[in-house]
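For the single chain, residues carry numbers from 1 onward in sequence order.
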Amino acid sequence: MNSILANLPPEVTTAKIGLFWIVDDRSGRDTCLAEAIDISKGEVYGPSIVSPRGHYTFWSEMQRRGPGWLRSRGLSAALLATEYEDWPRGRVSYSIDAERLILMADRRLHTPSRIALIKQAFALRDGYFDVRSDSHYQPMRLG
C-alpha cells in the first residue's frame, strides 16, 4: 500500500477515511458521528482503501462506552436506544482506480449542510473527493 500512497497529493493524504452517521446532537441538530482514520491505516479492499472496521462494530463499541462517552462528544444518550441501521450513514474511502476519495452516503445526506459536516469530520478538500450514493446506507428509520 505504501507505493499507492507515495504519489498522492497532500490534499488526499491529509484527509481521513472511515465511517459516519448523521445523528442528532444534544440540541436536536444534525451532527456527524464519525470514526475517521488516516488513509495509511486503511486496508486495501478490491480497488479501494477502506476502514478496516464496519458500522456495526463501531456502533456496538459506542453502546458499550455508554452515555458519558456520548455526552463528552455533545451527543444524546438517546442514541444508545437505537441501532446503527436507524440513522443515515455512509463511509469515506479512497478509490485506487479513480485516484479519488469517495464519500458514499445515503441520498438523504446529499445536502450542502450535511456534506459540510462530513467534509469537516474527514478533512476533505473540495476538488479531491466525489459524492456517491449507495442504497446499502439507507436507514431503517430516518433519525
What verdict does the side chain to side chain contact (heavy atoms under 4.5 Å, CB included) test give for L103 and R132, after you've listed the backbone C-alpha separation in whole Å, the side-chain angles of each residue and the deciding distance to 0.1 Å? CA-CA 6 Å; L103 188 167; R132 298 185 185 162; over 6 Å; no
Apply the test side chain to side chain contact (heavy atoms under 4.5 Å, CB included) to residues L79 and D86: give CA-CA distance (whole Å), side-chain angles for both, the deciding distance (0.1 Å), then the verdict. CA-CA 10 Å; L79 283 175; D86 292 341; over 6 Å; no
Before you tell me yes or no, could you show the steps for L101 and S93 under side chain to side chain contact (heavy atoms under 4.5 Å, CB included), namely the whole-Å CA-CA distance, both residues' side-chain angles and the distance that decides it to 0.1 Å? CA-CA 6 Å; L101 290 156; S93 61; over 6 Å; no
With side chain to side chain contact (heavy atoms under 4.5 Å, CB included) as the criterion, how do M62 and L33 come out once you've worked through the C-alpha distance, each side chain's angles and the decisive distance to 0.1 Å? CA-CA 10 Å; M62 178 209 60; L33 171 59; 4.0 Å; yes
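Side-chain contact check for V23 versus S76: every heavy-atom pair is 4.5 Å or farther apart.
Here the shortest heavy-atom pairing between D24 and T31 reads C-CG2, 4.1 Å. Among all heavy-atom pairs drawn from G127 and R100, the shortest one is O-NH1, 2.7 Å. Across all non-hydrogen atoms, the minimal contact from H55 to G90 is NE2-O, 2.9 Å. Between G42 and P52, the shortest heavy-atom distance links the atoms CA-CD, 4.4 Å. Contact record, Y94 with I39: CB-CD1, 3.5 Å, taken as the closest heavy-atom pair. For the pair S48 and S95, the tightest heavy-atom approach, listed with the atom from each and the gap, is OG-CA, 4.3 Å.
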Please table the atom pairs, donor to acceptor, closer than 3.5 Å between any side-chain atom in residues 8-20 and protein atoms at least two apart or in another chain.
residue, atom, partner, partner atom, Å
T13, OG1, P10, O, 3.4
T14, OG1, P10, O, 2.7
K16, NZ, D38, OD1, 2.4

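With hydrogens and angles ignored, the 3.5 Å screen pairs no side-chain donor or acceptor of E83 with any backbone N or O of Y56. Judged by distance alone, with hydrogens and angles left aside, the side-chain atoms of S51 form a donor-acceptor pair with the main-chain N or O of R53 at under 3.5 Å. Between the side chain of H110 and the backbone N or O of A105 there is at least one donor-acceptor pair closer than 3.5 Å.
Listed by chain and residue number, K119 satisfy the side-chain hydrogen bond (donor to acceptor under 3.5 Å, both in side chains) test with D126 (two or more places apart in sequence, or in another chain).
Annotation: the span from F122 atom CZ to E35 atom CD amounts to 8.5 Å, rounded to 0.5 Å. How far OG1 of T111 is from CD1 of I22: 8.0 Å, rounded to the nearest 0.5 Å. The CZ atom of R91 lies 13.0 Å from the CD1 atom of I118; values are rounded to the nearest 0.5 Å. With values rounded to the nearest 0.5 angstrom, I49 atom CD1 is found 14.5 Å from K41 atom NZ.
The same ILVMFWY cluster, assembled from side-chain heavy atoms under 4.5 Å apart, contains both I96 and I37.
Legend: salt bridge (Lys or Arg N to Asp or Glu O under 4.0 Å) pairs involving residues 64-78, not counting sequence neighbours, sorted by first then second residue: E61-R65.
Taking the six-membered ring for Trp and thresholds of 30 and 60 degrees, W21 and W59 have ring planes inclined between 30 and 60 degrees apart.
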